[in-house]
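Take a look at the structure set out below.
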Amino acid sequence: MLDGELLQVAPPRDIYADPHDRRVAEFIGSPKINTLDGAVIERGLMATSGAKLSVPESIAPGTKLTVGIRPEAFSLITQPDAPNVIEGLVHLIEHMGSDLFVHLLVEGMNEPLIVRLHAERAPHIGSGHRLVVGVKPTQMMLFDEAGHRLQKTAISESRVTPIRETA
């Protein structure tokens, strides 16, 4: 609930994994979800913060979107010129025992991009280093300009005609 408006009712795990509204996605989770604003530049591709991210081909070019990416959805990448890759400068590292929360300064973003990495897999990362991270399209959440989540069924390229039952 936000400002008296009921946004979503579900168990916390379901809300975290499948928020129906951008405000819900930003509310649940620590650290909070990364949000990147952008627009579809061609079928299947959006531009945001110096990166190109995959989107369903059913979304028309020119459509403005916000993509939400949880910190744990990122992984280290060695090829920076691929889709679904974001490059940034390490600003801050929070050591959380087995995990690191790496804050990246990314061109075009007002807030740092927060990436959760396993500490043993990233011992070489330090403040000031350039880091390249990638994310799978299945782990990106797309929101329209009003903040509503584009559900997988709504953006699916296949169309199913419902069968009407008769009594």
Please walk me through it: do V85 and V132 pass side-chain contact (heavy atoms from CB on, under 4.5 Å)?
CA-CA 7 Å; V85 170; V132 181; 3.2 Å; yes
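- Side-chain contact between H124 and L76: present, with at least one pair of heavy atoms (C-beta onward) separated by less than 4.5 Å.
- Counting heavy atoms from C-beta on, the side chains of P137 and N84 come closer than 4.5 Å.
- Atom CZ of R121 has 12 or fewer heavy atoms from other residues, nucleotides or ligands within 6.0 Å.
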Open item on the list: Determine whether R23 and E5 satisfy the following criterion, side-chain contact (heavy atoms from CB on, under 4.5 Å), listing intermediate values before the conclusion.
Closed with: CA-CA 11 Å; R23 296 169 292 177; E5 181 183 357; 3.7 Å; yes
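- In this structure, N34 and P71 have side chains that are in contact, with non-hydrogen atoms separated by less than 4.5 Å.
- Within the 4.5 Å cutoff, the side chain of L65 has heavy atoms near those of the V40 side chain.
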Practice problem: Take E42 and K52, measure what salt bridge (charged side-chain N to carboxylate O under 4.0 Å, His left out) needs, and give me the verdict at the end. | Solution: CA-CA 10 Å; E42 62 184 67; K52 292 182 180 173; over 6 Å; no
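- Here the closest heavy-atom approach between residue I41 and residue A47 is recorded as CG2-CB, 3.7 Å.
- Closest non-hydrogen pair, Q8 versus V24, comes out as OE1-CG1, 3.7 Å.
- Taking the side chain to side chain contact (heavy atoms under 4.5 Å, CB included) definition, one finds that H129 meets it with V90, sequence neighbours left out.
- In this structure, H91 and S127 approach most closely via the heavy-atom pair O-OG, 3.6 Å.
- No path of Ile, Leu, Val, Met, Phe, Trp and Tyr side chains, each step under 4.5 Å between heavy atoms, connects L150 with L45, placing them in separate hydrophobic clusters.
- One finds the CG atom of L53 at 5.5 Å from the CD1 atom of I86 (value rounded to the nearest 0.5 Å).
- We find the NZ-CG distance between K64 and D144 to be 13.0 Å, quoted to the nearest 0.5 Å.
- To the nearest 0.5 Å, the span separating CD1 on I28 from CZ on R70 amounts to 7.0 Å.
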Give the table of side-chain donor-acceptor pairs shorter than 3.5 Å for residues 101-119, with sequence neighbours excluded, one pair per line with atom names and distance.
unit_1: H103; atom_1: NE2; unit_2: E94; atom_2: OE2; d: 2.6

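- Without hydrogens or angle criteria, E57 side chain to R43 main chain gives no donor-acceptor distance under 3.5 Å.
- Taken to the nearest 0.5 Å, the NZ atom of K136 stands 13.5 Å off from the CD1 atom of I69.
- Closest non-hydrogen pair, A25 versus I33, comes out as O-CG2, 3.5 Å.
- In terms of modelled atom types and a separation under 3.5 Å, the side chain of R149 and the main chain of F143 share no donor-acceptor contact.
- For R22 and F27, the positive end is not near the middle of the six-membered ring at less than 6.0 Å and at most 45° from its axis.
- Shown here are the salt bridge (charged side-chain N to carboxylate O under 4.0 Å, His left out) partners of D14, two or more places apart in sequence or in another chain: there are none.
- Environment of CZ in R130: crowded, with over 12 heavy atoms of neighbouring residues, nucleotides or ligands closer than 6.0 Å.
- Hydrophobic clustering keeps M141 apart from I15 (ILVMFWY residues linked when any side-chain heavy atoms are closer than 4.5 Å, directly or through intermediates).
- Between T66 and the options T48, T35, D37, a side-chain hydrogen bond (donor to acceptor under 3.5 Å, both in side chains) holds for only D37.
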